[in-house]
Amino acid sequence: MFEAVAVPSEATHKACPHTISMAFLYADTGGGHRASALAVKQAIDANYPGVVTALLIDPTIENHSSIIRKSDSLYRACIRSTPWIWAALFHVTNHRSTVWFMRRTVLHTLSSSARKGAGKADFDAIVSFHPLLSHAARHVADRASQRAIAATVMTDLIDPHASWAHVKMDAVFVPNASSAEKLIGLGVHADRLHRVGLPVGPQFVQSPTSLRQPARARDVLGLDDRFTVLLVGGGEGAGGLYRKARALLRRCPDIQVCVIAGRNKRLLRRLELLAGRSGERLRPIGFVDNMAQWMGAADLVVTKAGPGTIAEALAVGAPLLITGHLRGQERRNPDFVAIGGAGFRERRMGRMVARIQQLERHPEQLEQFVWSTRLLARPQAANEIADTLVSLVRARRATEQDSAMRSALSS
Ligand code: UDP
């Protein structure tokens, strides 16, 4: 796994007629934006080596006072302990007029940070993976010496915030028809929308004929080969993971519980203490770079309704138990999983434990979910986004060459 590239203050990409360079803007509000940007970069690196380069830029790194930097910390604090504050903020700002006002005021400073992040480079495409960065992407693209493509890759699943809708983007990549409809309602042209799915890295992608092999994955990770539940809560380890792990250890004496605490260091410390009293059945883990392996080792992934985690579990073929959602952008994600048959939702702890006990006794019931994951998964999304971006840049270059030729011939 490669590392995200932090903002170089003076990026040095040089536009060359035969190569294409792209900048991907993201921010660490949760883990999903960075994961999606990395997935598309991985697709570019694999499919266009030496021809296309993609640079990851977090414009908030050098702009500590930026609204996104503040919303990152707010998101972190809110989703761990006061999700209602996040829900209130989401609803208050979820209007075209509020977004319009934000773009002309607080979001404006990010455009100059993004431009600084891009340095002297002349990118052919600037792609935003964050709802509050599309404006900056358009701004940087418009100031390139040659006209550049500005695009957005939406990382919400069903119910996007109004700030994802930027009517001046050349392309907007969305996960499905519901999100496309919502953006059309917010003024985005239908012909700029590409319904490709939510991008996941190649490590999550199974071959269409291969069967899941949790036992082998458990062996690689040094886990016991027994019924394994993976608890995840996005990049911030949200969703009451400690209480869930404790309840499962108490009431399901034969299962193994792995908990990915993400960046939540306090949760990790508490889990480590609990692990000391749990006879090797609890595996507490901090932020991991090999989520695909952990998901591959699990019989069931128990999580909040994070879009990135859902898309990854579907790609890996792991059944999902959704125990909650962040009010706002995750509101309808549990239905997406349950109606699609790739898992189920259960908020109450008692019922959650009872369903897991049942599945442990009847693992064949999980098979139905596993098959449905294949129908819902969009494992090629990252490749399709990469290909479309490259085609758009090439088409634009061809148009520019044509018009240059025409004016040369007519003069
Ligand atoms: N993630 C990760 N390592 C961790 C925890 C999470 O790479 O230790 C990734 C996870 O694989 C997913 C993203 O963080 O890609 C979480 O995205 P999601 O949309 O589920 O939730 P968010 O954190 O954005 O609220």
Side-chain angles (χ1 to χ4, degrees), residues 1-4 26-42 68 71-80 83 86-87 90 129-132 153-161 164 175 179 197-205 221 230-239 241 258-265 267-268 271 283-298 301-316 318 320-334 336-337 343 377-379 381-382:
M1 184 103 185
F2 50 83
E3 284 294 306
Y26 75 97
D28 276 331
T29 321
H33 306 291
R34 176 202 288 251
S36 294
L38 278 173
V40 181
K41 178 176 164 49
Q42 282 174 303
I68 300 189
S71 73
D72 285 353
S73 345
L74 193 67
Y75 180 79
R76 216 157 278 174
C78 286
I79 69 162
R80 285 183 194 165
W86 183 260
F90 183 95
F129 289 80
H130 194 289
L132 303 184
V153 176
M154 195 183 115
T155 61
D156 281 342
L157 210 47
I158 308 280
D159 226 359
H161 187 271
W164 281 109
S179 44
L198 205 139
V200 298
Q203 62 277 21
F204 291 94
V205 178
L221 290 168
L230 178 68
L231 296 181
V232 214
E236 308 306 330
L241 300 184
C258 303
V259 189
I260 296 186
R263 299 190 195 93
N264 193 335
K265 296 209 171 85
L267 171 65
L268 182 61
L271 287 167
R283 179 74 80 90
I285 314 135
F287 194 92
V288 298
D289 275 337
N290 59 343
M291 184 65 84
Q293 261 181 305
W294 288 98
M295 286 183 170
V301 173
V302 178
T303 177
K304 76 176 181 84
T309 303
I310 291 174
E312 290 164 357
L314 294 177
V316 166
L320 283 152
L321 163 49
I322 307 289
T323 55
H325 62 270
L326 194 57
R327 277 186 287 155
Q329 71 270 32
E330 291 178 1
R331 188 173 62 98
R332 289 166 61 204
N333 296 358
F336 172 78
V337 171
R378 299 295 297 268

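Quick caveat, the model's predicted, so the values are computed rather than measured. Note that ligands are numbered from 1 as they come in the structure, with each ligand's atoms numbered from 1 the same way.
Taking 4.5 Å as the limit, some side-chain heavy atom of L320 sits within range of a side-chain heavy atom of T303. Looking at heavy atoms from C-beta onward, P199 lies in side-chain contact with V153 at the 4.5 angstrom threshold. Using a 4.5 Å heavy-atom threshold, the side chains of T323 and V302 count as touching. In this structure, the side chains of C258 and W294 come closer than 4.5 Å at one or more pairs of heavy atoms.
At a heavy-atom cutoff of 4.0 Å, ligand 1 is contacted by no atom of H33, backbone or side chain. For A35, every heavy-atom contact with ligand 1 shorter than 4.0 Å involves the side chain, none the backbone. Contacts with ligand 1 closer than 4.0 Å are made by side-chain heavy atoms of K304 only, the backbone lying farther away. Using a 4.0 Å cut-off between heavy atoms, T309 contacts ligand 1 through both its backbone and its side chain.
For a threshold of 3.5 Å applied to N or O pairs, the pair formed by G32 and ligand 1 contains at least one separation below that value. Between M291 and ligand 1, not a single N/O pair is under 3.5 Å apart.
Screening E312, E330, Q329 against P307 for a side-chain contact (heavy atoms from CB on, under 4.5 Å) leaves a single residue, E330. Among the candidates I285, L268, L241, the single residue satisfying the side-chain contact (heavy atoms from CB on, under 4.5 Å) test with V259 is L241.
Remark: ligand 1 atoms within the under-4.0 Å shell around heavy atoms of G262 are 8 (O). Near I260, with a cut-off below 4.0 Å to any heavy atom, the atoms of ligand 1 are 4 (C), 8 (O). Heavy-atom proximity to E312, at under 4.0 Å, picks out these atoms of ligand 1: 10 (C), 11 (O), 12 (C), 15 (O). Of all atoms in ligand 1, listed by their number and element, those nearer than 4.0 Å to a heavy atom of G30 are 22 (P), 23 (O), 24 (O).
Atom CZ of F90 sits about 12.0 Å away from atom CZ of R327, to the nearest 0.5 Å.
Contact detail for A27 and H130: the closest heavy-atom pair is CB-CD2, 3.7 Å.
Closest heavy-atom approach to atom 5 (C) of ligand 1 within the set A311, G234, G31: this belongs to G234. Considering only non-hydrogen atoms, atom 7 (O) of ligand 1 lies nearest to V288 out of T29, I310, T155, V288.
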